[in-house]
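Because the structure is a prediction, the values reported are computed rather than measured. Just so we're on the same page: letters track the sequence lines, and every chain starts at 1.
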Amino acid sequence: MIEFQNVYKIYESGSHALRDVNLHIDDGEFAFIVGASGAGKSTFLKLIMREELPTSGEVTVNNFRLSRLKRKQVPYFRRTMGIVFQDFRLIDTMTVYENVAFSMRVVGKTKREINRRVHHVLQLLDLQGKSNRYPPSLSGGEQQRVGLARALVNNPSLIIADEPTGNVDPQMSHDIVDMLSRINEKGTTVLMVTHQHELVHQFHHRVITLEGGRIVSDTGRPLHTEQVSLDATADVTAGGVRV
Amino acid sequence: MKSHVVRYLIREGCRNTWQNRLMALASVGVLICCLLLTGFSYLVFVNIDHMFQNAYEQNVMAVYLHTDQTDEQVTAIGESLQAMDNVASVTFLSKEDFLAQYGEALADNTMESFQGEENPLPDTYIVALKDLALFQNTLNAIENMSGVEEVSYDANTAQTLTRVRRMVLGVGGAIIVVLLAVSLFIIVNTIKLTVYSRRLEIYIMKSVGATDGFVRFPFVVEGVLLGFTAGGLGYGLIFALYYSLQQNFVFENPLLSLVPFSAEWLPLLVGFLLGGVLVGVCGSVISMSKYLKQEGGIRP
Ligand SMILES: Nc1ncnc2c1ncn2[C@@H]1O[C@H](COP(=O)(O)OP(=O)(O)O)[C@@H](O)[C@H]1O
Ligand SMILES: [Mg+2]
């Protein structure tokens with residue numbers, strides 16, 4: 001559950017990134033956040049992952065009131081979410097395998113647990129042949145799938161993606177959102193920032209539009225989504241895919 | 001932290017050091033220079049101190065006893081002088097020997113009238129001290145011993161030597177502290193260059209939920225590696241340099257001879273390794289902590 005109450009964010013530079021944002025996102029929802037460049041989309045996500053604190057108002061994520069969170073608790077809070085970036089943010093000096101395994105090492109998992117889980121997730125994202133490659137030798141689409149694998153590997157209850165398809169070709173973009181939708185159908189909450197309207201129209205998800213730091217429209221949770229998701233869950237289970 | 005996590009982080013620290021080997025090399029070079037400077041200041045200090053010690057050993061005090069002391073009492077005083085912590089050596093000069101040594105200056109008849117029971121000279125102990133700095137304490141203690149009439153010493157020499165030695169100690173200590181601080185400053189700035197290129201990695205680690213300790217650990221390992229390497233190499237260098245110095249400067253006057261390296265090998269080895277590791281770890285951790293605190297706004 002994500003809740004924004006009268007949230008304002010004014011950066012030290014003076015730019016008003018968010019103005020009076022009020023919002024409620026339930027567990028298991030999939031929401032697109034759209035809006036022009038500078039509308040405040042990234043700031044919105046940064047408040048959720050507690051990379052920034054609001055200037056005023058309260059953000060609550062998974063029952064954590066973020067303004068009350070101590071610095072020491074932040075890492076443990078971050079482990080409940082997976083984050084995907086537009087520029088992938090992979091560590092260039094680590095192999096694909098290590099980049100994904102890294103999230104699990106942080107949590108203190110053993111070598112065997114890591115080995116099993118990382119190979120499973122890499123396979124899921126069709127990256128099994130690339131595990132010993134280094135990120136700079138991969139295409140944008142492949143790098144973003146590695147980023148997605150890293151976000152998924154710890155089974156987070158929330159996935160946050162800031163323009164994950166911004167540096168990826170249209171077909172791969174569609175595949176990535178499709179992948180995120182399937183993960184969402186297993187119960188994971190997904191928030192995805194994008195400015196690619198065609199992409200948004202291909203899926204039936206909630207769409208929140210920001211403009212000048214304000215929410216100017218919110219479709220709410222599409223009613224038929226739950227029906228679709230039930231069918232899809234059956235599909236996924238039948239196909240033996242477990243995320 | 002679990003042991004497999006620690007093993008992983010140690011490996012990461014080594015990998016990072018290798019990844020940034022050029023900068024590691026630069027840091028080690030800088031650290032070696034600083035350690036050599038510090039080590040040489042230490043050796044200069046040790047040598048100056050050694051000279052003072054030599055000079056002091058020639059500086060003795062004469063302890064005159066009461067003339068009414070029995071032979072047993074005289075022997076007892078000698079033993080308790082010998083037992084004092086700060087006393088290096090005690091030499092007994094009986095009143096007969098005293099007379100024999102100094103009586104030549106007297107007229108013959110005077111000399112004769114002083115023989116035996118008539119000898120007015122006191123039994124005397126010649127006492128050499130170990131530590132000049134404790135001169136005043138030892139002097140007071142001896143003066144308060146029963147049976148001691150008077151203590152004679154060259155007050156000026158002793159006090160001047162003590163004062164100069166204190167000054168050398170203070171200046172030497174200050175120079176060493178300043179040099180270590182300068183090393184730390186240079187190391188921080190050298191390592192900062194590599195940490196700057198690793199700020200994105202630090203950001204990524206934090207975004208997947210790494211604790212500060214987890215992110216810092218490999219940097220500590222890197223600091224230990226750099227410090228240990230610099231300490232070891234620096235120690236080898238200072239040994240070689242000091243040894244050749246000693247071979248090339250042999251002085252006639254034993255007062256001016258250099259202290260042998262073997263007398264100082266342990267404090268130097270410990271100092272070099274400990275100093276290197278301390279500066280390496282502090283430098284590494286200080287230079288990355290800025291990025292550890294930074295939450296947002298990191299752009300590749
Ligand atoms: N770290 C920052 N410091 C100062 N101003 C910022 C910072 N991040 C974003 N902004 C400003 O806040 C506004 C919203 O930015 P952002 O949230 O990145 O928008 P979007 O992701 O929709 O393009 C912009 O005017 C931007 O310049
Ligand atoms: Mg943005």
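Counting heavy atoms of neighbouring residues, nucleotides and ligands inside a 6.0 Å radius, atom CD of Glu12(A) does not exceed 12 of them. Applying the 6.0 Å contact sphere to CG of Asp85(B) captures no more than 12 heavy atoms from other residues, nucleotides or ligands. Within 6.0 Å of atom OH in Tyr243(B), 12 or fewer heavy atoms from other residues, nucleotides or ligands are found, so the atom counts as exposed in its surroundings. Heavy atoms of other residues, nucleotides or ligands lying less than 6.0 angstrom from CD of Gln246(B) number more than 12.
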Please tabulate, for side-chain N and O atoms in residues 173-183 of chain B, each donor-acceptor pair with protein atoms closer than 3.5 Å (sequence neighbours left out).
residue	atom	partner	partner atom	Å
Ser183(B)	OG	Leu179(B)	O	2.6

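Below 4.5 Å, heavy atoms of chain A meet heavy atoms from Gly209(B), Ala210(B), Thr211(B), Asp212(B), Phe214(B), all part of residues 209-235 of chain B. Within residues 11-23 of chain B, the residues having any heavy atom less than 4.5 Å from a heavy atom of chain A are, in residue-number order, Glu12(B), Arg15(B), Gln19(B).
Rounding to the nearest 0.5 Å places CZ of Arg105(A) at 11.5 Å from CE of Met205(B). Atom NZ of Lys206(B) is separated from atom CZ of Arg78(A) by 6.5 Å, given to the nearest 0.5 angstrom. The distance from atom OH of Tyr8(B) to atom NZ of Lys109(A), rounded to the nearest 0.5 Å, is 14.5 Å. Remark: Glu201(B) CD to Ile91(A) CD1 distance equals 4.5 Å, nearest 0.5 Å.
For chain B, no part of Leu53(A) is nearby; none of its heavy atoms comes within less than 4.5 Å.
Minimum interatomic distance between Arg150(A) and Ile204(B) (heavy atoms only, all atoms of both residues): NH1-CG2, 3.4 Å. In plain terms, the two heavy atoms of Leu200(B) and Arg89(A) that are nearest each other are CD1-CD, 3.9 Å.
Taking chain B as the reference chain and counting heavy-atom pairs below 4.5 Å, the highest number among Met94(A), Lys72(A), Met49(A), Glu98(A) is found for Met94(A). Across Tyr76(A), Phe102(A), Phe77(A), Phe85(A), the residue that shares the most heavy-atom pairs under 4.5 angstrom with chain B is Phe102(A).
For the salt bridge (charged side-chain N to carboxylate O under 4.0 Å, His left out) test, no residue two or more places apart in sequence or in another chain qualifies with Lys41(A).
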